[in-house]
Colleague: 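Sharing a structure with you now.
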Amino acid sequence: MNDGSPLRFVPGHIAPEDAGPAPRLFAFLRRELLVTADNALPSVAAIDALGIEATRTQYLGAWEDTHCFSAELPDDFKPPDGFATRDLRMLFASLEPELHALAGRAVQIVEWDRSHQFCGACGIPTEPSSSDRSRSCPDCAVPMYPRLSPAMIVAVERGDEILLGRGGNFPPGIFSVLAGFVEPGESAEEAVIREVYEETRIVVEDVRYFGSQAWPFPNSLMLGFTARYASGTVNTDHDEEMETADFFHVDNLPTTFPGNISISQWLMEDFVKRHGKNRD
Ligand SMILES: [Zn+2]
């Protein structure tokens with residue numbers, strides 16, 4: 001089933017005839033996952049027992065020996081006693097990371113399938129492809145794939161200082177590294193240089209790839225970078241979404257998002273490891 005893949009999850013789009021003894025099912029009410037009252041993934045048997053008729057279902061692929069499916073719950077679905085529906089942001093603590101990542105795949109496939117039932121150009125119903133995860137309009141013949149939005153996120157360093165900002169939509173007092181979407185025609189490195197300049201009027205150099213993370217809110221691929229301060233003075237007046245930003249010394253960092261779940265936190269951790277008192 002896993003077919004010798006070096007990865008534990010092998011994506012697929014056509015369900016096997018035999019789903020095996022214990023498949024997994026990620027059922028969503030819009031973007032909220034159906035979970036048990038203690039925020040665990042219910043068994044397929046427990047979901048089946050609810051007798052819900054799913055609006056659509058999708059095969060996701062195989063997690064080692066376990067076949068995985070997703071389902072779109074009807075809009076009028078109300079979770080019965082013992083169940084709840086939750087945004088995936090609320091489930092980082094209760095779902096193990098690999099299961100959470102699978103749920104992140106699932107919500108994007110469900111959402112793509114829901115929103116691509118009709119052709120965006122001519123409006124007639126689309127048809128699923130048998131060869132890959134796409135839907136096509138029989139007239140326009142243009143395949144429609146699940147959307148991924150690449151975004152860059154960057155730790156800008158100036159000696160033992162790091163550039164952190166506060167978006168207007170952040171919780172009070174919280175700072176984070178800078179981030180923004182990559183524009184059509186732009187490399188990720190160019191997006192780093194442009195976004196940092198747009199948001200703070202700081203010019204950076206020596207942009208280096210750090211790592212990436214799928215971020216299903218709603219369909220980002222976060223591309224992490226480090227960069228070095230080159231010139232400029234922090235000024236956030238040119239960016240409506242940026243409330244404030246500044247360079248912070250490693251020994252005097254502001255409050256950042258709690259936990260260790262996102263690449264913004266991995267970038268911070270890496271910075272502290274290289275510049276903090278207990279540096280290697
Ligand atoms: Zn069409």
Side-chain angles (χ1 to χ4, degrees), residues 31 87-89 92 100-101 104-105 107-108 111-112 115 145-159 161-248 250 253-272 274-275:
R31 295 192 65 90
D87 188 285
L88 293 182
R89 289 175 200 271
F92 277 111
H100 193 282
R105 282 179 191 257
V107 69
Q108 294 180 78
E111 186 58 24
W112 161 78
S115 59
Y145 291 90
R147 185 201 298 178
L148 267 185
S149 301
M152 73 79 207
I153 183 159
V154 60
V156 177
E157 302 178 12
R158 184 173 71 183
E161 296 176 318
I162 185 168
L163 179 59
L164 301 174
R166 259 190 64 70
N169 57 348
F170 281 21
I174 298 279
F175 282 76
S176 184
V177 290
L178 306 187
F181 287 105
V182 180
E183 294 195 348
E186 195 174 54
S187 72
E189 289 83 355
E190 286 169 335
V192 168
I193 294 168
R194 176 184 54 76
E195 282 282 351
V196 173
Y197 184 75
E198 281 179 5
E199 292 180 356
T200 64
R201 285 297 184 264
I202 293 297
V203 177
V204 296
E205 61 189 5
D206 198 16
V207 178
R208 286 169 194 250
Y209 182 65
F210 172 81
S212 67
Q213 182 185 27
W215 191 246
F217 307 106
N219 47 34
S220 293
L221 173 62
M222 302 303 297
L223 305 166
F225 292 87
T226 59
R228 213 148 38 87
Y229 168 86
S231 64
T233 305
V234 176
N235 178 347
T236 56
D237 293 346
H238 303 271
D239 191 304
E240 280 180 7
E241 287 162 26
M242 184 62 69
E243 191 180 286
T244 182
D246 210 344
F247 281 97
F248 293 88
V250 66
L253 294 173
T255 308
T256 51
F257 286 102
N260 189 26
I261 52 169
S262 75
I263 194 164
S264 69
Q265 294 157 334
W266 307 338
L267 280 163
M268 290 288 297
E269 197 178 79
D270 172 69
F271 168 76
V272 170
R274 286 184 291 106
H275 294 269

Colleague: Are a donor atom and an acceptor atom from the side chains of E199 and H238 found within less than 3.5 Å of each other?
Modeller: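 Checked: E199/H238 side chains show no N/O donor-acceptor pair below 3.5 Å.
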
Colleague: Is the closest side-chain heavy-atom distance between L178 and E195 below 4.5 Å?
Modeller: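 A side-chain contact is absent here, since even the closest heavy-atom pair is not under 4.5 Å.
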
Colleague: Is it true that F225 and F210 have ring centroids separated by less than 6.0 Å?
Modeller: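 Between F210 and F225, which both carry aromatic rings, the centre distance is not below 6.0 Å.
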
Colleague: Using the benzene-type ring in the case of Trp, are the ring centres of W215 and F92 under 6.0 Å apart?
Modeller: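 Yes - the distance between ring centres of W215 and F92 falls below the 6.0 Å cut-off.
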
Colleague: How close do M152 and V182 get, heavy atom to heavy atom, and via which atoms?
Modeller: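 Scanning both residues, the minimum pair turns out to be N-CG2, 4.2 Å.
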
Colleague: For E240, I'd like to know if atom CD has over 12 heavy atoms of other residues, nucleotides or ligands within 6.0 Å.
Modeller: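 No, CD of E240 has 12 or fewer neighbouring heavy atoms, counting only those of other groups under 6.0 Å.
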
Colleague: Could you state the interatomic distance from CG (L223) to OG (S212), rounded to the nearest 0.5 Å?
Modeller: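 The distance works out to 6.0 Å.
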
Colleague: Taking the six-membered ring where the residue is Trp, are the ring centres of F175 and F257 under 6.0 Å apart?
Modeller: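 Ring centroids of F175 and F257 are no less than 6.0 Å from each other.
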
Colleague: State the CE-OG distance between M222 and S264, to the nearest 0.5 angstrom.
Modeller: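 Interatomic distance, M222 CE to S264 OG, rounded to 0.5 Å: 8.0 Å.
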
Colleague: V250 and H275: which non-hydrogen atoms are nearest, and at how many Å?
Modeller: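 Closest pair (atom of V250, atom of H275, distance): CG1-O, 3.5 Å.
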
Colleague: Just checking F217: does its CZ atom have more than 12 heavy atoms from other residues, nucleotides or ligands closer to it than 6.0 angstrom?
Modeller: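 Check passes, neighbour count above 12.
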
Colleague: Would you indicate whether E243, at its atom CD, is surrounded by more than 12 heavy atoms from other residues, nucleotides or ligands within a distance under 6.0 Å?
Modeller: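 Yes, enclosed.
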
Colleague: Could you state the interatomic distance from CZ (R89) to CD1 (I261), rounded to the nearest 0.5 Å?
Modeller: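 The CZ atom of R89 sits 9.0 Å away from the CD1 atom of I261.
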
Colleague: Do you know which two heavy atoms are closest between A245 and V234, and how far apart they sit?
Modeller: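 Looks like O-CG1, 3.2 Å.
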
Colleague: Once you round to the nearest 0.5 Å, how far does CE of M242 lie from OG1 of T200?
Modeller: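 So the gap between those two atoms works out to 7.5 Å.
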
Colleague: Report, as yes or no, whether the 6.0 Å neighbourhood of atom CZ on R158 holds more than 12 heavy atoms from other residues, nucleotides or ligands.
Modeller: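 Correct, the count exceeds 12.
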
